[in-house]
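This chain uses plain numbering: 1 for the first residue, then up along the sequence. Side chains included, hydrogens not; waters and symmetry mates left out as well; all remaining heavy atoms used.
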Amino acid sequence: MDYLVEDLGPQARVLDLGAGGGSFNYSATLAKVLAIDLDFPKTPPPSNARRILAVALRLPLRSASVDAVVCNHTLEHFEDLAAVLGELGRVLRPGGMLWAAVPDGYSIDDRLYRYIFDGGGHVNQFRFEDFLQVVEREAGVRAEASKGLNSGFVYLYPPQVEKLPFYSQRARRLAELPPKWLRRASVLLNYLARTLEKAGWRGLSRYGWGVVFRRFDDRSGEPPRRGARLSTQPEYWNVCCHCGAGNPAPKLRPYLKRVFLWVKIYRCPGCGQANLFSHPPRRSS
């Protein structure tokens, strides 16, 4: 999603909704980042970011005041989704861009997450076309490009102690397992899901989709119709099970190390942790 903001100048503004500690690399842009959430980590924000405590239903921003909006794995959590999308459409200037990444609510990955975490706050269950339609209708935007997202099963990684009180009873059992075993199980599950998917078990590693929308000009009347097909970007097949970062295979080649016959590992360029490398199918990179 960095390419949406990397060309924005210092006078531009980017809204990061449900930001937490930052849902994208703020150093990728010169723009002012407005990070909005209900809570933030104690670590200070980057110099180009301002943290704002607010609810998504009442964004404390002027209409048509931001150049880009990032909703990275947040829209599945809002009960009044239509109202939130209406707010995003209100603050986004005409021609501005919206990045929205959500889980496939009917995938094995999301079903597993909901089971372990007793829903995990996922109150919206999306199918791809339905997701496009509701965002376009309520936010006044048009989908322009999409990207399939694969899972790293990061939620199975050893939980942080301070987060355990907020976990469901079933999810707390993850903390009862030896962290070394849980890390290895995450690595193996990640690799096994991709191996089986290439063998014909479609959708085992599917997480969801990332979609780029553009705000149309309200003065033009009806929103422009979407073309016959969206522009699609290659999926990142290898996703780190420690930090969730996806990387194209060419970028990982300098980090590969053969450990046994055809089996290779790589150190994630983002967090440095080891993962099993899987050669991507044609549709992915």
Side-chain angles (χ1 to χ4, degrees), residues 1-2 4-5 13-24 33-40 51-61 66-93 96-107 109-114 117-152 154-155 166 206-216 223 226 230 232-233 235 239 244 246:
M1 74 186 87
D2 288 353
L4 293 180
V5 299
R13 304 207 302 174
V14 178
L15 167 60
D16 185 7
L17 185 62
S23 60
F24 69 99
V33 178
L34 305 174
I36 291 183
D37 210 330
L38 299 176
D39 193 20
F40 292 101
R51 287 174 173 168
I52 303 171
L53 292 172
V55 295
L57 288 171
R58 295 183 297 278
L59 297 174
L61 303 173
V66 299
D67 300 89
V69 174
V70 173
C71 291
N72 208 35
H73 316 303
T74 58
L75 295 181
E76 62 270 24
H77 295 277
F78 296 124
E79 292 186 356
D80 196 345
L81 178 62
V84 171
L85 291 172
E87 273 291 271
L88 296 182
R90 179 184 68 82
V91 303
L92 189 61
R93 68 167 179 82
M97 308 295 285
L98 163 65
W99 161 269
V102 296
D104 177 347
Y106 299 88
S107 66
D109 176 80
D110 196 57
R111 291 176 187 272
L112 178 61
Y113 172 83
R114 288 171 183 259
F117 290 89
D118 194 22
H122 287 194
V123 297
N124 297 310
Q125 198 169 11
F126 297 114
R127 297 187 191 275
F128 185 62
E129 285 297 328
D130 294 339
F131 172 66
L132 296 183
Q133 291 175 12
V134 70
V135 176
E136 289 182 332
R137 181 180 67 247
E138 303 297 340
V141 293
R142 180 183 62 185
E144 292 196 341
S146 68
K147 183 183 187 73
L149 303 176
N150 289 300
S151 177
V154 179
Y155 50 85
F166 305 101
R206 166 70 66 186
Y207 168 76
W209 320 275
V211 183
V212 176
F213 300 86
R214 186 184 296 274
R215 182 75 162 92
F216 64 86
R226 190 171 0 118
L230 292 179
T232 56
Q233 303 295 321
E235 303 174 7
V239 179

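The salt bridge (Lys or Arg N to Asp or Glu O under 4.0 Å) check on Asp67 picks up Arg93, with sequence neighbours excluded.
Using a 4.5 Å cut-off on side-chain heavy atoms (C-beta onward), Ile36 and Pro60 make contact. With contacts defined as side-chain heavy-atom distances shorter than 4.5 Å, the pair Val70/Leu15 does not qualify. Between Val212 and Leu4, the closest side-chain pair of non-hydrogen atoms falls below 4.5 Å. Counting heavy atoms from C-beta on, the side chains of Leu88 and Leu59 come closer than 4.5 Å. A 4.5 Å side-chain heavy-atom check between Val211 and Leu132 finds at least one atom pair inside the cut-off. Met97 places none of its side-chain heavy atoms less than 4.5 Å from the side chain of Phe213. In this structure, the side chains of Trp99 and Asn72 come closer than 4.5 Å at one or more pairs of heavy atoms. Put simply, the side chain of Val69 does not reach to within 4.5 Å of the side chain of Val14, judged on heavy atoms.
Between Glu235 and Arg206 a salt bridge is recorded (basic side-chain N to carboxylate O distance below 4.0 Å). Using a 4.0 Å cut-off between charged side-chain N and carboxylate O, Arg142 and Glu144 make a salt bridge.
In plain terms, the two heavy atoms of Phe40 and Gly20 that are nearest each other are CD2-O, 3.3 Å. When all heavy atoms of Ala83 and Leu57 are compared, the pair lying nearest together is CB-CD2, 3.4 Å. Contact between Leu75 and Phe126 at its shortest, heavy atoms only, is O-CZ, 4.1 Å.
With values rounded to the nearest 0.5 angstrom, Asp104 atom CG is found 8.5 Å from Arg111 atom CZ. Rounded to the nearest 0.5 Å, atoms CG (Leu98) and CZ (Arg215) are 10.5 Å apart. Annotation: the span from Lys147 atom NZ to Thr232 atom OG1 amounts to 9.5 Å, rounded to 0.5 Å. Between the CZ atom in Phe78 and the CG atom in Leu85 there is a gap of 9.0 Å [rounded to 0.5 Å]. Rounding to the nearest 0.5 angstrom, the gap separating the CZ atom in Arg114 from the CG atom in Asp109 is 11.0 Å. Between Asp80 atom CG and Glu87 atom CD the span is 10.5 Å, to the nearest 0.5 Å.
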Checklist entry - Given Asp16 and Leu34, is the side chain to side chain contact (heavy atoms under 4.5 Å, CB included) satisfied, shown in steps? => result CA-CA 6 Å; Asp16 185 7; Leu34 305 174; over 6 Å; no

Item to check | Test log, rule side chain to side chain contact (heavy atoms under 4.5 Å, CB included), inputs Phe117 and Leu112 | outcome: CA-CA 9 Å; Phe117 290 89; Leu112 178 61; over 6 Å; no

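Between Phe128 and Trp209, the ring planes are tilted. Angles from 30° to 60° get that label.
Arg90 places a side-chain N or O within 3.5 Å of a backbone atom of Leu61 that can act as its donor or acceptor partner. Panel note: side chain Glu138, backbone Leu81; no donor-acceptor pair is recorded below 3.5 Å.
More than 12 non-hydrogen atoms from other residues, nucleotides or ligands lie less than 6.0 angstrom from CZ of Arg137. No more than 12 heavy atoms of other residues, nucleotides or ligands sit less than 6.0 Å from atom CZ of Phe166.
Applying ring-ring contact (aromatic ring centres under 6.0 Å, His included) to His73 and the options Tyr113, Tyr207, Tyr155 leaves one that passes, Tyr207.
Using modelled atom types and a 3.5 Å distance limit, the side chains of Glu76 and Asn124 yield no donor-acceptor pair.
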